[in-house]
Amino acid sequence: MSKSNYSAYMAIKNKILEIVRSETFEKNKLPSEAALANRLGISLVTLRESLMMLALEGYITKRHGSGNYVHPSTLDFANRTYSFLDHLSQKGYRTGLQLLSQERVPAGREEAEVLHVPEGELLLENRLVYLADEQPAIYTVSRMPEALLVRSDVEQMPFAYVHILIQDFMNREVAHALSEYVPLAVDEGLSRLLKLPAGHSIQSSSQVFYDITDQQVMYNQNYFHPDYYRLRILQNWDLGRGGPLPAET
């Protein structure tokens with residue numbers, strides 16, 4: 001699929017989402033594909049590609065011979081965002097971002113292993129807090145290899161969207177990020193940053209960003225205030241099976 005075709009399918013996908021957010025359908029069944037394609041002024045091929053994207057993301061279920069069913073429960077799923085600020089904004093908070101520090105540090109054993117760089121290699125480390133109604137909601141320690149930076153004016157980094165930061169300052173295109181969530185007891189440092197009592201249980205995550213060549217370009221450690229961010233997981237049953245299950249009798 002070419003990049004232009006992908007962009008077209010994404011645009012149609014978003015138009016379909018606008019329709020299903022503003023309208024209701026009997027038994028949540030979408031209009032026929034022919035009717036939907038005619039309404040959007042596109043070909044059936046383009047529509048079906050866009051519907052497949054929606055199905056893979058869990059917004060709809062496709063059933064041969066029956067139709068396409070939309071799932072309102074997934075439309076505003078809280079963890080469907082590319083940015084912590086977007087996540088907080090969707091929950092109704094006034095958002096902000098505060099950079100606490102920015103310095104170059106040598107890679108320790110953990111950072112070297114995660115980023116596939118020699119131990120001791122210089123990393124640019126950024127410590128920042130995402131705010132919700134001016135309160136600390138998420139604390140992030142972000143590290144990236146100094147050798148990957150193509151610009152020196154790092155104080156101008158835009159932290160709201162990581163993929164834009166990586167594009168602008170590394171000339172790399174982000175493909176995906178892998179995150180591992182673990183529970184954590186708040187220590188004295190986190191207690192001051194997140195305004196929580198020491199020993200309080202929170203969720204944290206280790207997050208590694210990869211470019212399109214599958215090279216690790218950034219390693220983030222995130223610490224979440226439980227009042228503002230909770231992990232929710234969408235399990236799409238169609239992704240775990242080869243096709244529709246037999247009808248019950």
Side-chain angles (χ1 to χ4, degrees), residues 1-15 17 49-50 53-54 56-59 74 76-91 93 95-102 104 107 111 114-117 123-132 137-181 203-224 228-229 231-234:
M1 181 189 300
S2 70
K3 190 169 184 178
S4 60
N5 283 343
Y6 177 79
S7 298
Y9 298 144
M10 284 291 293
I12 297 302
K13 185 196 84 168
N14 290 330
K15 287 183 180 180
L17 285 174
E49 289 287 350
S50 302
M53 294 174 73
L54 289 167
L56 290 172
E57 294 180 36
Y59 288 112
T74 70
D76 295 304
F77 191 69
N79 292 93
R80 276 191 191 276
T81 54
Y82 294 103
S83 161
F84 289 145
L85 290 180
D86 284 352
H87 172 88
L88 295 170
S89 179
Q90 285 182 11
K91 296 184 73 174
Y93 296 111
T95 62
L97 184 60
Q98 181 181 2
L99 180 64
L100 302 179
S101 66
Q102 187 177 64
R104 288 166 174 82
E111 294 82 18
V114 170
L115 290 169
H116 283 202
V117 298
L123 308 175
L124 180 67
E125 178 183 271
N126 303 288
R127 294 177 179 263
L128 52 151
V129 173
Y130 296 86
L131 303 172
I138 303 167
Y139 170 56
T140 293
V141 181
S142 172
R143 301 180 181 94
M144 60 198 76
E146 170 84 5
L148 295 184
L149 295 173
V150 296
R151 289 172 54 176
S152 59
D153 57 335
V154 295
E155 67 278 358
Q156 301 299 322
M157 282 184 167
F159 293 99
Y161 295 97
V162 171
H163 67 289
I164 295 176
L165 184 158
I166 292 172
Q167 173 67 48
D168 287 351
F169 283 81
M170 297 184 187
N171 198 25
R172 304 289 181 110
E173 185 177 348
V174 174
H176 61 276
L178 299 179
S179 300
E180 180 180 3
Y181 285 78
Q203 285 288 330
S204 66
S205 74
S206 296
Q207 185 180 34
V208 185
F209 292 85
Y210 295 78
D211 70 8
I212 59 174
T213 69
D214 216 38
Q215 180 175 352
Q216 298 91 331
V217 294
M218 184 182 291
Y219 175 40
N220 288 0
Q221 291 173 295
N222 308 301
Y223 306 90
F224 305 100
Y228 301 104
Y229 186 98
L231 178 65
R232 299 174 67 210
I233 298 174
L234 173 67

*Asks:* Check whether more than 12 heavy atoms from other residues, nucleotides or ligands sit under 6.0 Å from atom CD of E155, and answer yes or no.
*Replies:* yes
*Asks:* What pair of heavy atoms forms the shortest contact from L97 to A160, and how long is it?
*Replies:* CD2-N, 3.9 Å
*Asks:* Are any of the side-chain heavy atoms of L165 and F159 separated by less than 4.5 Å?
*Replies:* yes
*Asks:* Students often mix this up, so state it plainly: with edges at 30° and 60°, are the rings of Y181 and F224 parallel, tilted or perpendicular?
*Replies:* parallel
*Asks:* Rounded to the nearest 0.5 Å, what separation is found between the NE2 atom of H163 and the CG atom of D211?
*Replies:* 14.5 Å
*Asks:* Supply the atom-to-atom distance Q156 CD to R151 CZ, rounded to the nearest 0.5 angstrom.
*Replies:* 7.5 Å
*Asks:* Rounded to the nearest 0.5 Å, what's the gap from CG on L148 to CD1 on I166? Could you check?
*Replies:* 9.5 Å
*Asks:* Rounded to the nearest 0.5 Å, how far apart are OH of Y139 and CG of L100?
*Replies:* 6.5 Å
*Asks:* Under the criterion side-chain hydrogen bond (donor to acceptor under 3.5 Å, both in side chains), which of Q207, R143, E111 is the partner of Q221?
*Replies:* R143
*Asks:* Would you call L149 and M144 a side-chain contact if the rule is heavy atoms closer than 4.5 Å?
*Replies:* yes
*Asks:* Relative to the ring of H87, is the ring of Y229 parallel (under 30°), tilted (30 to 60°) or perpendicular (over 60°)?
*Replies:* tilted
*Asks:* Would you compute the distance between atom OH of Y228 and atom CG of L88 and round it to the nearest 0.5 angstrom?
*Replies:* 9.5 Å
*Asks:* With T140 as reference, evaluate N222, N126, N220 under the side-chain hydrogen bond (donor to acceptor under 3.5 Å, both in side chains) test and give the passing residue.
*Replies:* N222
*Asks:* The test is side-chain contact (heavy atoms from CB on, under 4.5 Å); show your working for E146 and L123 and say whether it passes.
*Replies:* CA-CA 5 Å; E146 170 84 5; L123 308 175; over 6 Å; no
*Asks:* Take Y219 and V141 through the test side-chain contact (heavy atoms from CB on, under 4.5 Å) and record every step on the way to the result.
*Replies:* CA-CA 8 Å; Y219 175 40; V141 181; over 6 Å; no
*Asks:* Could you measure the distance from the NZ atom of K13 to the CD atom of E57? Nearest 0.5 Å is fine.
*Replies:* 3.5 Å
